[in-house]
Amino acid sequence: ECCAQTAKQLRAQLVGVDAQLSNTTFRVAKLEGKLPSTTSKVEDLETQAATKTQEIDELKRQVAEVLEEFASLETTVQASSSSEDCERGYFGMECSVCNCTSGGICDDGKNGSGRCACFEGRAGSKC
């Protein structure tokens, strides 16, 4: 009787283990079914990443070109502004300082003479 009871308990445990094994096998098969889809998604993401990397490289190249063009334009602007004219109060090819006082106006600019034109009632080389 004790052996029959133990055998009955062992059979019940075996049925439980068999049910767990069946459930585990089913879950493994379900996961294996998802594996090709997951692998495909990973491959798609890798392709997208490679494409984005190429796009980023192209954008970096374009930005470098624009920066180079800006640098060139800046040099051109500096060269043209230094050759066009002097600031107010400066004259001649070297943009020398005018020596007029507040009593006159300087003949300034690249083509200016630097001479002072005095206001009425003022006189002298510096007014």
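Being a predicted model, the structure only gives us computed values, none of them experimental. Just so you know, residue 1 is the first one in the sequence shown, and it goes up from there.
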Which side-chain N or O atoms in residues 13-26 pair as donor and acceptor under 3.5 Å with protein atoms at least two apart or in another chain?
| residue | atom | partner | partner atom | Å |
| --- | --- | --- | --- | --- |
| T24 | OG1 | Q20 | O | 2.9 |
| T25 | OG1 | L21 | O | 2.7 |

Return a table of donor-acceptor pairs under 3.5 angstrom between the side chains of residues 28-49 and protein atoms on other chains or two or more places apart.
| residue | atom | partner | partner atom | Å |
| --- | --- | --- | --- | --- |
| T38 | OG1 | K34 | O | 3.1 |
| T39 | OG1 | L35 | O | 2.9 |
| T47 | OG1 | E43 | O | 3.0 |

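The line from SG of C127 to CG of N99 is 11.0 Å long, rounded to the nearest 0.5 Å. Rounded to the nearest 0.5 angstrom, T53 OG1 and E55 CD are separated by 9.0 Å.
For E65, the salt bridge (Lys or Arg N to Asp or Glu O under 4.0 Å) partners are R61, not counting sequence neighbours. Residues satisfying the side-chain hydrogen bond (donor to acceptor under 3.5 Å, both in side chains) criterion with T101, sequence neighbours excluded, are absent altogether. Partners of Q9 by side chain to side chain contact (heavy atoms under 4.5 Å, CB included), not counting sequence neighbours, listed by chain and number: Q5. With sequence neighbours excluded, no residue forms a side-chain hydrogen bond (donor to acceptor under 3.5 Å, both in side chains) with R88. Applying the side-chain hydrogen bond (donor to acceptor under 3.5 Å, both in side chains) rule to D107 yields the partners S113; only residues at least two apart in sequence or on another chain are considered.
Annotation: salt bridge (charged side-chain N to carboxylate O under 4.0 Å, His left out) contacts involving residues 117-127, sequence neighbours excluded, are absent.
Within the 4.5 Å cutoff, the side chain of F91 has no heavy atoms near those of the C86 side chain.
Looking at Q62 and E58, their side chains do bring a donor and an acceptor atom within 3.5 Å of each other.
The other residues sharing a hydrophobic cluster with V63 are L67, where clustering joins ILVMFWY side chains under 4.5 Å apart. Its side chain within the 4.5 Å cluster rule, I105 clusters with F119 among the Ile, Leu, Val, Met, Phe, Trp and Tyr residues. Grouped by direct or indirect side-chain proximity (heavy atoms under 4.5 Å, Ile/Leu/Val/Met/Phe/Trp/Tyr only), V97 sits with Y90.
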- Task: Begin from the C-alpha positions of C116 and C100 and carry the test disulfide bond (SG atoms under 2.5 Å apart) through to its verdict.
- Result: CA-CA 6 Å; C116 299; C100 297; 1.9 Å; yes

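Minimum heavy-atom separation, K110 to M93: NZ-O, 3.1 Å. Contact detail for G114 and C98: the closest heavy-atom pair is CA-SG, 4.4 Å.
Within 6.0 Å of CD on E94 lie no more than 12 heavy atoms contributed by other residues, nucleotides or ligands.
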